[in-house]
S.K.: 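Have a look at this one.
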Amino acid sequence: MELVAPAGSFPAFKAALEAGANTVYVGFKDATNARHFAGLNFSDDQLARARALATGKSVKLYVAINTYPQACNWQQWTSAVDKAVALGADALILADTGLLAYAADNYPAMHLHLSVQASATNSLALKFYADNFAIKRAVLPRVLSLEQVATLCEHSPVDLEVFGFGSLCIMAEGRCVLSSYLTSESPNNSGACSPAKYVRWEESADGSRLSRLNNVLIDKYAPGEPASYPTLCKGRFRVGDKVYHTLEEPTSLSTLQLIPQLAKMGVKAIKIEGRQRSPVYVRQVVRVWRAALDAYAEQGEAFVPDPSWIASLDTVAEGSQTSLGAYSRPWQ
Ligand code: SF4
């Protein structure tokens, strides 16, 4: 399976290449991609340098333009498509149907991938995108059980890519407006959930820390307790007489042990989440996944994840804990 690594900066891009990614996905320095955080992403010059570097290593370069344009700024998104094609992207990762139509009409030879943001969860939806926009691949939302992924692999008209590691959203890919509710900006139209300019940290005299998003209290951490980035979905709130993670606990998807099942189902690519994370994170996670996929290719059925790989991934997991996410639904 193809190992698709994130890069939110040029150093992260180089780290992904050195660690053994088959493909690196990136975005421009604007709201056209779903990781539009301050200081991240690629200028045109940086993307041209990344293209040259990737070609030298036979690594593919995908460009994510996976947010939703509005009527007033449509041209910014079509320009992003034009630029990515001109810079030599191997594929564009798109979500908006209008933008898919624009790319399919103007660049029929370009490989189009359906972003996770489009939230296509059944084979009829995939067929719609294949018939109308000739997409070559779809990234599946992180809402599906392993059985559902297997069913889609059997019936999908296009290749499928799934998430293997990284932060989890609340299972409403492309449709979550929690961040808009507090800040007026969300990943869907501004490219960032809980933009950093709205985040405030306060330290109390007793060593506890408060995190706020646009002045709304998201969490209070005891002295020494690991803290996570304050997104509304992962806050602790009072419901009745209890204070707890009401919607979702901070945790990372981690699926090394599923490699044999995903490969047998016919999944074509494994995606690592984290264009907002550091080059150190990218190097560490990609290195582990490269080793694991190589070991699976060698050992087949006998493959078992090395405990040192799991320990290494645990150190960069959100909230220092991992989960199989929706893949595992023992109650079903
Ligand atoms: S609020 Fe949570 S679920 Fe919604 S987009 Fe942000 S991280 Fe994802």
Side-chain angles (χ1 to χ4, degrees), residues 6 8 25 27 30-38 40-41 64-70 93-96 114-121 139-144 162-201 210-221 226-237 239 243-255 271-278 281 285 316-327:
Y25 67 103
D30 58 30
T32 60
N33 75 90
R35 291 290 183 276
H36 176 218
F37 288 97
L40 285 186
N41 295 316
I65 308 172
N66 58 346
T67 46
Y68 289 88
Q70 310 292 304
I93 307 170
L94 308 177
D96 182 76
L114 189 67
S115 169
V116 64
Q117 283 281 96
S119 213
T121 52
V139 185
L140 293 183
R142 291 160 285 187
V143 300
L144 301 168
V162 301
F163 278 88
F165 186 85
S167 294
L168 281 167
C169 264
I170 207 170
M171 316 292 173
E173 318 267 14
R175 293 169 191 165
C176 178
V177 293
L178 286 171
S179 177
S180 295
Y181 181 67
L182 284 192
T183 70
S184 81
E185 294 181 30
S186 82
N188 308 322
N189 54 11
S190 312
C193 175
S194 315
K197 63 187 174 197
Y198 297 106
V199 171
R200 294 283 176 277
W201 291 93
L210 307 180
S211 64
R212 293 184 189 276
L213 187 61
N214 210 7
N215 293 326
V216 173
L217 183 64
I218 299 293
D219 212 333
K220 180 177 181 182
Y221 298 96
S228 61
Y229 192 81
T231 59
L232 192 46
C233 65
K234 291 170 188 129
R236 277 183 286 203
F237 304 106
V239 180
V243 175
Y244 64 105
H245 289 108
T246 317
L247 299 172
E248 185 175 41
E249 287 189 29
T251 182
S252 278
L253 180 72
S254 187
T255 64
K271 187 172 211 122
I272 307 297
E273 187 276 345
R275 284 192 292 121
Q276 75 285 18
R277 303 290 299 264
S278 69
Y281 164 94
V285 176
V316 290
E318 196 179 359
S320 303
Q321 52 181 346
T322 61
S323 145
L324 289 177
Y327 291 135

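When reading the values below, keep in mind they use all heavy atoms of this one structure, side chains included, and skip hydrogens, waters and symmetry mates. When a ligand or atom number is given, it counts from 1 through the structure's own listing order. Because the structure is a prediction, the values reported are computed rather than measured.
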S.K.: Indicate whether any N or O donor in one side chain lies under 3.5 Å from an N or O acceptor in the other, for Glu318 and Ser167.
M.R.: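 Side chains of Glu318 and Ser167: pair found under 3.5 Å.
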S.K.: Please name all residues satisfying salt bridge (Lys or Arg N to Asp or Glu O under 4.0 Å) with Arg236, sequence neighbours left out, ordered by chain then number.
M.R.: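 By the salt bridge (Lys or Arg N to Asp or Glu O under 4.0 Å) rule, Arg236 matches Asp219, Glu225.
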S.K.: Relative to the heavy atoms of Cys176, which atoms of ligand 1 are at a distance of less than 4.0 Å?
M.R.: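 Per the distance check, 1 (S), 3 (S), 4 (Fe), 5 (S).
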S.K.: Which residues satisfy the side chain to side chain donor-acceptor pair (under 3.5 Å) test with Lys271, sequence neighbours excluded?
M.R.: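 Side chain to side chain donor-acceptor pair (under 3.5 Å) list for Lys271, sorted by chain: Glu161.
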S.K.: Let me confirm one number: the OG-CZ distance from Ser186 to Arg175, rounded to the nearest 0.5 Å.
M.R.: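 Reported value, rounded in 0.5 Å steps: 13.5 Å.
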S.K.: So, Cys193 and atom 6 (Fe) of ligand 1: N/O/S under 2.8 Å, yes or no?
M.R.: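 Checking Cys193: at least one N, O or S atom is under 2.8 Å.
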S.K.: With heavy atoms under 4.0 Å as the rule, classify the contact between Ser186 and ligand 1 as side chain, backbone, both or neither.
M.R.: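 Contact part for Ser186 vs ligand 1: neither.
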S.K.: Which atoms of ligand 1 sit under 4.0 Å from any heavy atom of Pro187?
M.R.: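 Listed by number with element: 5 (S).
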S.K.: Between CG of Leu232 and OH of Tyr181, what distance do you get to the nearest 0.5 Å?
M.R.: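 Going from CG on Leu232 over to OH on Tyr181, the span is 8.5 Å.
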S.K.: Any N/O/S atom, backbone or side chain, of Cys233 lying under 2.8 Å from atom 2 (Fe) of ligand 1?
M.R.: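 Yes.
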